[in-house]
Amino acid sequence: MKISQRLNLIESMVNNRYEHIWDCCCDHGLLGAKLLDNDRASVVHFVDVVPDLMREVSNKLERFYPAADGKEQRWQVHCIDVALLPLVKRTNSQLIIIAGVGGELLISLVDAIIAAHPLQQLEFILCPVHHIYEVRKALKNLGLGLIDERLLEENRRFYEVLHVSTHSKVPISLVGSQMWDLTRTLDQRYLQKTLSHYLRIESGQLSRRISTITSVTDVSAEDVSNIIKQYQALTLDKK
């Protein structure tokens, strides 16, 4: 099946071959299937908490990706909470992909995974649906470093995709660094949309309280002003 631009971009950011890739919140398993097709890992793990969905994924994998004679199965299906991933302890070659969930949930999942495996080197490719500034701030506070980041638009929605790890020494920018190319219309529109959002919050034009808008953390007027300044500085840095 044809997969979305977002999933295609995520797959293209998997530049190394891993022993294990964990496709979390995998939905119908389309991303994991493409990872199998392109031999991105020795084992691709399909993870979701919905039993019916995982049975469907398992049936399709058994049909289209049967184990070759004498060889181990290249995939595993796990119907579990992503926070409880049974990561393999004897390897530092693991990539965890979490996409299509809200920022608050994504932060809690990454936090739980790192806390459960404090001695392992881990890589994550993350694509939250909302609250990207708060996600970046939380990842930085968790000690993660940047490997790569990309920006795309699909179905009139913008997405930031972050590839981060526990061993990268490159700081994560709260407003993005590598992904920006302000010669592109895409980037210009995204920056303007983001600035407009925070300017409306600052001016009090949004009816809900700021804390309910972000939902990840309370944001003071001083915080919002600082966020606006950081995004505005991009127009100077990237010219």
Side-chain angles (χ1 to χ4, degrees), residues 6-7 9-26 31-32 35 40-41 44-45 47 80-152 158-180 190 194 214-219 223 226-227 230-231 233-234 237:
R6 181 165 53 97
L7 295 183
L9 176 60
I10 291 172
E11 196 277 336
S12 73
M13 292 173 69
V14 183
N15 293 319
N16 298 319
R17 190 177 189 279
Y18 297 84
E19 290 187 32
H20 298 271
I21 295 181
W22 303 80
D23 179 14
C24 302
C25 309
C26 68
L31 173 59
L35 294 168
R40 299 294 193 185
V44 176
H45 301 261
V47 185
I80 57 172
D81 187 332
V82 172
L84 304 176
L85 286 186
L87 297 184
V88 180
K89 295 182 179 180
R90 294 178 300 279
T91 178
N92 286 323
S93 181
Q94 297 189 85
L95 173 66
I96 301 155
I97 301 175
I98 308 175
V101 302
E104 186 171 14
L105 175 58
L106 186 144
I107 290 169
S108 68
L109 294 175
V110 174
D111 190 5
I113 292 168
I114 292 175
H117 307 275
L119 302 180
Q120 288 188 254
Q121 291 186 1
L122 302 174
E123 291 187 26
F124 297 86
I125 292 183
L126 308 169
C127 183
V129 177
H130 301 295
H131 310 127
I132 186 62
Y133 184 91
E134 288 77 15
V135 168
R136 286 176 171 275
K137 185 175 181 179
L139 297 178
K140 190 170 184 176
N141 290 339
L142 286 169
L144 293 164
L146 184 68
I147 295 177
D148 193 11
E149 59 181 13
R150 307 283 182 87
L151 171 66
L152 84 152
F158 293 97
Y159 297 95
E160 295 182 30
V161 185
L162 305 176
H163 187 176
V164 299
S165 78
T166 56
H167 55 276
S168 172
K169 301 301 182 183
V170 180
I172 297 174
S173 166
L174 299 185
V175 296
S177 53
Q178 298 178 11
M179 71 179 188
W180 292 106
Y190 179 55
T194 303
T214 62
S215 81
V216 178
T217 181
D218 291 341
V219 179
D223 291 332
N226 184 47
I227 293 171
Q230 291 179 71
Y231 279 111
L234 289 171
D237 294 341

Hey, are the side chains of [X] and [Y] touching, using non-hydrogen atoms and a 4.5 Å cut-off?
X	Y	answer
H130	E104	no
M13	L9	yes
Y159	I10	no
V129	V101	no
I114	L144	yes
I132	T194	no

inquiry  = Among E19, Q121, H20, exactly one meets side-chain hydrogen bond (donor to acceptor under 3.5 Å, both in side chains) together with T91. Which residue is that?
reply    = E19
To the nearest 0.5 angstrom, please state how far the [atom1] atom of [X] sits from the [atom2] atom of [Y].
X	Y	atom1	atom2	result
I96	L109	CD1	CG	10.5 Å
S165	L95	OG	CG	10.5 Å
F124	I113	CZ	CD1	5.0 Å
I107	H131	CD1	NE2	9.0 Å
E134	L174	CD	CG	10.0 Å
E123	T166	CD	OG1	8.0 Å

query = Any luck finding a side-chain donor-acceptor pair between Q120 and H117 under 3.5 Å?
reply =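 Side chains of Q120 and H117: pair found under 3.5 Å.
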message = Whether the S177 and E149 side chains hold a donor-acceptor pair (N or O, under 3.5 Å, no angle test) is what I'd like checked.
response =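 The criterion, which ignores hydrogens and geometry beyond distance, is satisfied for E149 and S177.
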By side chain to side chain donor-acceptor pair (under 3.5 Å) - contacts of Y190 (at least two apart) = E160
task = Using the test side chain to side chain donor-acceptor pair (under 3.5 Å), find all partners of R6 that sit at least two apart in sequence or belong to another chain.
result =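 With sequence neighbours excluded, R6 shows a side chain to side chain donor-acceptor pair (under 3.5 Å) to no residue whatsoever.
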ask   = Does the pair I97 and L35 meet the rule for a side-chain contact (heavy atoms from CB on, under 4.5 Å), with working shown?
value = CA-CA 11 Å; I97 301 175; L35 294 168; 4.0 Å; yes
ask   = Checking R136 side chain against S173 main chain: does a donor-acceptor pair fall under 3.5 Å?
value =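 It does hold such a pair.
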If you compare all heavy atoms of [X] against all heavy atoms of [Y], which two are closest, and at what distance to 0.1 Å?
X	Y	result
C25	A99	CB-O, 4.1 Å
L234	G176	CD2-O, 3.9 Å
V44	A41	CG2-CB, 4.1 Å
L84	I80	O-CD1, 3.8 Å
I98	L106	O-CD1, 4.0 Å

request  = Would you please classify the geometry between the W22 ring and the H45 ring as parallel, tilted or perpendicular, with 30° and 60° separating the classes?
outcome  =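 Ring orientation, 0 to 90° scale: parallel.
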